[in-house]
Amino acid sequence: MADGDKIEVRDVTRIERIGAHSHIRGLGLDDVLEARAVSQGMVGQKDARRAAGVVVQMVREGKIAGRCILLAGEPSTGKTAIAVGMAQALGTETPFTSMSGSEIYSLEMSKTEALSQALRKSIGVRIKEETEIIEGEVVEIQIDRPATGTGQKIGKVTLKTTEMETNYDLGNKIIECFMKEKIQAGDVITIDKASGKVTKLGRSFTRARDYDATGAQTRFVQCPEGELQKRKEVVHTVTLHEIDVINSRTHGFLALFSGDTGEIKQEIRDQINNKVLEWREEGKAEINPGVLFIDEVHMLDIECFSYLNRALESDMAPVVVMATNRGITRIRGTNYRSPHGIPIDLLDRMIIIRTVPYTEKEIKEILKIRCEEEDCLMHPDALTILTRIATDTSLRYAIQLITTANLVCRRRKATEVTTEDVKKVYSLFLDENRSSQILKEYQDEYMFNEIQEPNDCEVVTKREEAGGGDEQPMEH
């Protein structure tokens with residue numbers, strides 16, 4: 001085969017999309033919850049990360065439910081990054097649901113139902129059950145297919161442990177499972193007696209020399225000890241919302257995949273709550289409260305806040321983490337102004353974590369991490385210029401220039417991004433300040449220009465000073 005005809009083989013399982021927060025692996029805390037300067041993709045915000053670490057510890061213990069935490073700070077100070085770090089620190093066992101405040105208005109259900117489903121998605125139930133399994137190493141497998149190609153297949157398998165060896169006749173269903181899993185002599189397998197599910201654990205160490213070469217995904221395991229038939233405790237982790245959906249309609253489990261869950265009656269939820277509490281008393285289940293993260297929480301209206309007030313007092317409530325970048329603003333659905341656009345009675349129930357703007361040194365470190373994440377080799381001088389751009393404009397704008405500068409660099413067949421590449425993309429793509437400046441200069445050439453003349457602004461200011469302004473009352 002000629003060199004030009006070589007086929008490039010790529011491991012598709014390792015290809016991942018790079019997102020805004022894909023570089024974050026955790027909160028970057030040590031064993032005593034002290035924040036490291038740079039760790040697990042997190043930079044700076046030591047006080048906020050330490051506070052988030054305490055919340056994570058609180059969630060892990062699972063003893064406290066219905067706590068509400070507010071992440072408040074200016075735009076581009078890492079509020080969502082801290083929430084992503086919390087999700088990574090909690091791991092896959094603890095449910096973590098993320099939603100935006102404006103999501104609830106676009107769903108085909110009432111606002112309170114959308115919030116209720118989000119809250120119940122954040123509560124995990126670990127159900128324990130005992131099952132009988134057959135575990136052993138395959139010594140010999142024999143499957144006879146009919147000569148005509150139709151009809152029943154007949155199969156036999158010989159399994160062994162370190163102490164015993166037994167022959168089993170195989171039914172049609174298990175033969176299909178064996179063929180699907182590509183089971184062969186030398187594999188260590190488990191068969192669930194109740195469901196007939198066959199799981200391949202790996203190859204036996206005694207067969208390690210059967211082949212000269214093996215694939216990277218081949219695992220070698222010891223031959224099982226003891227009896228072939230064993231009793232094993234299996235733990236299933238499901239969320240309360242999944243139990244709701246499965247019980248709310250005939251083909252409920254299909255609705256889980258399609259996402260069309262519809263509104264679920266409160267009676268069904270009450271019955272499920274009682275059943276889960278009953279299982280907990282019997283020791284069959286454990287309730288594992290997770291985290292519900294609501295970004296842009298100022299987008300919720302007064303009805304949602306009232307519902308959250310009551311929902312947080314339930315003993316089946318997760319820890320709710322909210323994030324907002326607003327100051328004193330109007331509560332949606334009312335004429336009252338309040339800190340962060342959240343009613344005072346809900347703010348009383350919250351503990352507030354503040355995020356502070358990044359220093360120039362921290363911004364440089366973040367940009368360096370993003371360059372590594374996006375496989376972009378950047379010259380130190382180019383990184384310094386990019387840091388200066390980030391301090392003058394915004395961190396988000398500077399991060400977006402990394403990929404574009406990298407593309408310009410590759411276009412000229414180079415491997416390292418230089419200052420010229422950064423200057424080029426800075427001139428090609430405008431930031432918000434330069435764009436606003438252009439709009440002010442050429443406002444007459446745009447349609448529907450609504451920028452006030454300086455005289456109009458002076459008149460409005462004088463009227464407000466005189467007390468004639470249309471001021472909105474502040475909530476007490």
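All residue numbers in this chain count up from 1 along the given sequence.
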Next on the checklist: Test of understanding: with salt bridge (Lys or Arg N to Asp or Glu O under 4.0 Å), list the residues that count as partners of Glu74, not counting sequence neighbours.
Outcome noted: Arg354

Checklist outcome for this item: Residue set satisfying salt bridge (Lys or Arg N to Asp or Glu O under 4.0 Å) with Glu303, at least two apart, ordered chain then number -> Lys111

Atom [atom1] of [X] and atom [atom2] of [Y]: how far apart are they, to the nearest 0.5 Å?
X	Y	atom1	atom2	result
Leu308	Leu119	CG	CG	6.5 Å
Thr199	Ile183	OG1	CD1	8.5 Å
Ile264	Ser116	CD1	OG	8.0 Å

Which residue pairs pass the salt bridge (Lys or Arg N to Asp or Glu O under 4.0 Å) test with at least one member in [range], sequence neighbours excluded?
range	result
residues 112-127	Glu113-Arg269, Arg120-Asp244
residues 30-46	Glu34-Arg50
residues 357-369	none

Next on the checklist: Donor-acceptor pair, distance only, cut-off 3.5 Å: does the side chain of Glu165 make one with the backbone of Lys160?
Outcome noted: no

Which atom of [X] lies closest to which atom of [Y], heavy atoms considered:
X	Y	answer
Asp192	Ile133	CA-CG2, 4.2 Å
Ala317	Leu312	CB-O, 4.0 Å
Ile175	Ile154	CD1-C, 3.8 Å

Let me have the donor-acceptor pairs involving side chains of residues 283-293, under 3.5 Å, with sequence neighbours excluded, atom names and distances please.
{"from": "Lys284", "atom 1": "NZ", "to": "Glu282", "atom 2": "OE1", "distance (Å)": "3.4"}
{"from": "Glu286", "atom 1": "OE2", "to": "Lys128", "atom 2": "NZ", "distance (Å)": "3.1"}
{"from": "Asn288", "atom 1": "ND2", "to": "Glu93", "atom 2": "O", "distance (Å)": "3.3"}

Does the side chain of [X] pick up a donor-acceptor pair with the side chain of [Y] at under 3.5 Å?
X	Y	value
Asp295	Ser100	no
Arg310	Thr112	no
Thr355	Gln45	no

Expected list for residues 378-386: side-chain donor-acceptor pairs under 3.5 angstrom, two or more places apart:
{"from": "His379", "atom 1": "ND1", "to": "Asp381", "atom 2": "N", "distance (Å)": "3.1"}
{"from": "Thr384", "atom 1": "OG1", "to": "Pro380", "atom 2": "O", "distance (Å)": "2.9"}

Next on the checklist: Does anything in residues 135-144 form a side-chain hydrogen bond (donor to acceptor under 3.5 Å, both in side chains)? List the pairs, not counting sequence neighbours.
Outcome noted: Glu135-Lys230, Glu137-Ser204

Partner set under side chain to side chain contact (heavy atoms under 4.5 Å, CB included) for [X], not counting sequence neighbours:
X	value
Lys156	Asp169
His340	Leu70, Ala72, Thr324, Ile342, Leu347
Gln229	Glu132, Ile134, Tyr168, Lys193
Ile369	His23, Val38, Val43

Next on the checklist: Assess whether a salt bridge exists between Glu373 and Arg370, defined as any Lys/Arg side-chain N lying under 4.0 Å from an Asp/Glu carboxylate O.
Outcome noted: no

Checklist entry - So, Asp187 and Lys182, do they make that salt bridge, N to O below 4.0 Å? => result no

Checklist entry - Do Gln88 and Leu27 pass the side chain to side chain contact (heavy atoms under 4.5 Å, CB included) test, and can you show the C-alpha distance, the side-chain angles, and the key distance before you say yes or no? => result CA-CA 8 Å; Gln88 296 282 5; Leu27 285 168; over 6 Å; no

